[in-house]
Amino acid sequence: MNPSEIAKIAQIASALEVSGYPKPGNVHRTRDFDDMEFEDFIISGIVIGDTIREACSDVDIENPKLGKYILQAVAETDRWIKNNTNLGIVMMTTPIAVAAAISDSFNDIRENVKLLMANTSVDDACDLYDAINIADAGGMGDQDEYDVASDNAKQELRDNNQTMFDVLKISAPWDILAREMTSDMPAVFEIGYPIYHELKQVKSQSDACVLTFLTILSQVPDTLISRKYGSDEALKISMMTRDLLNIKDAPDFKDRLKEFDDYLFENKYNPGTTADLTAASIFVSYLKSNF
């Protein structure tokens, strides 16, 4: 697929994800947070376009430089928005985008994500650490091994020849994005993308986004919540989401959805990882539609 087309689809997916409302517990078009607004996410989705286009041009499969482009996109976002609005989206979108660029058909993309991730380098790992620090994001920095916040982190990566795949594999037990990137992206390709692709044929863009978000959250406890409040709380939110989905066809579903959004917001439960998976799922769906 043409790099410019892939970049446009990445921008569209970012805009559609944040526009879904009320997407419980997250910023959306009718809900801002104290430190970030709906418009911040729209801007973030726009400014990654050039980097995605570059990443998809003249791809070296043996050295795709995924870390370089993740860092470049996050650094560009930081020029415009002083919050971590899209690190997770960029981490998920970049390998999918590059995989699409080297694929002969849509059905090749998932296997090519696996190939590209396996070919990441130590430089990619170092660039990813820089991106995380620019975004001031947690995740891989919560553990002793290769602590992203350590002054010696990148030297340790080089001394031990740790690639980006290697360090994400270490993080996979407690970070769903790391797990996705090192295990063929099951939440995106087996849960999120199929449901979104089906729903967008019969629902509004907003409703398709929200229902996809809820479906993912109901099956995959959010690791941003679990890191803040523990795995039991994350599981509780997933179970509440499952209960909500069970009444999605009820007349009062919209009211119950708004109540759930208010509950998560008021209690500072922010399923931000689920939002990243939703954006990636929308991205994959639009790649399929335009391949």
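- Of the N and O atoms on the side chains of Asn119 and Asn63, not one donor lies less than 3.5 Å from an acceptor on the other residue.
- Side-chain contact, Ser121 with Asp124: a donor N or O sits under 3.5 Å from an acceptor N or O.
- Screening Asp159, Asp123, Asp130, Asp127 for a side-chain hydrogen bond (donor to acceptor under 3.5 Å, both in side chains) with Lys154, the sole residue that qualifies is Asp130.
- Using a distance-only test at 3.5 Å, with no hydrogens or angles considered, a donor-acceptor pair links the side chain of Thr163 to the main chain of Asp166.
- Checking side-chain atoms of Asn133 against main-chain N and O of Tyr129 turns up a donor-acceptor pair under 3.5 Å.
- Defined by atom type and a distance below 3.5 Å, a donor-acceptor pair is missing between the side-chain atoms of Ser183 and Lys169.
- No salt bridge links Glu233 with Lys228; every basic N to acidic carboxylate O contact stays at or beyond 4.0 Å.
- No donor-acceptor pair under 3.5 Å is formed between the side chain of Thr274 and the backbone N or O of Leu217.
- Residues Glu156 and Asn160 bring no donor and acceptor atom of their side chains to less than 3.5 Å of each other.
- Ion pairing between a basic and an acidic side chain is recognised when a charged N comes within 4.0 Å of a carboxylate O; Lys200 and Asp207 show no such pairing.
- When the shell of 6.0 Å around NZ of Lys82 is examined, it contains more than 12 heavy atoms from other residues, nucleotides or ligands.
- A donor-acceptor pair is defined here as one N or O able to donate and one able to accept, closer than 3.5 Å; such a pair exists between the side chain of Ser171 and the backbone of Val167.
- For Glu180 (side chain) and Ala187 (main-chain N/O), a donor-acceptor pair under 3.5 Å exists by modelled atom type.
- Between Asp175 and Arg179, none of the side-chain N atoms (NZ, or NE/NH1/NH2) sits under 4.0 Å from a carboxylate O, so this pair counts as no salt bridge.
- Side chain of Gln201 to main chain of His197: a donor-acceptor pair is present (N/O by atom type, distance under 3.5 Å, no hydrogens or angles).
- Under a 3.5 Å cut-off, the side chain of Asn290 and the backbone N or O of Tyr286 do form a donor-acceptor pair.
- Under 3.5 Å, the side chains of Thr241 and Ser218 contain no donor-acceptor pair of N or O atoms.
- Not one N or O on the side chain of Thr94 forms a donor-acceptor pair closer than 3.5 Å with the backbone of Met91.
- A salt bridge links Glu190 and Arg110; the closest N-O separation between the charged side-chain nitrogens and carboxylate oxygens is under 4.0 Å.
- In this structure a side-chain-to-backbone donor-acceptor pair under 3.5 Å is missing from Ser103 to Phe106.
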Test ring pair (Phe, Tyr, Trp, His ring centres under 6.0 Å) applied to Phe283 and Tyr193, step by step:
CA-CA 8 Å; Phe283 182 47; Tyr193 138 69; over 10 Å; no

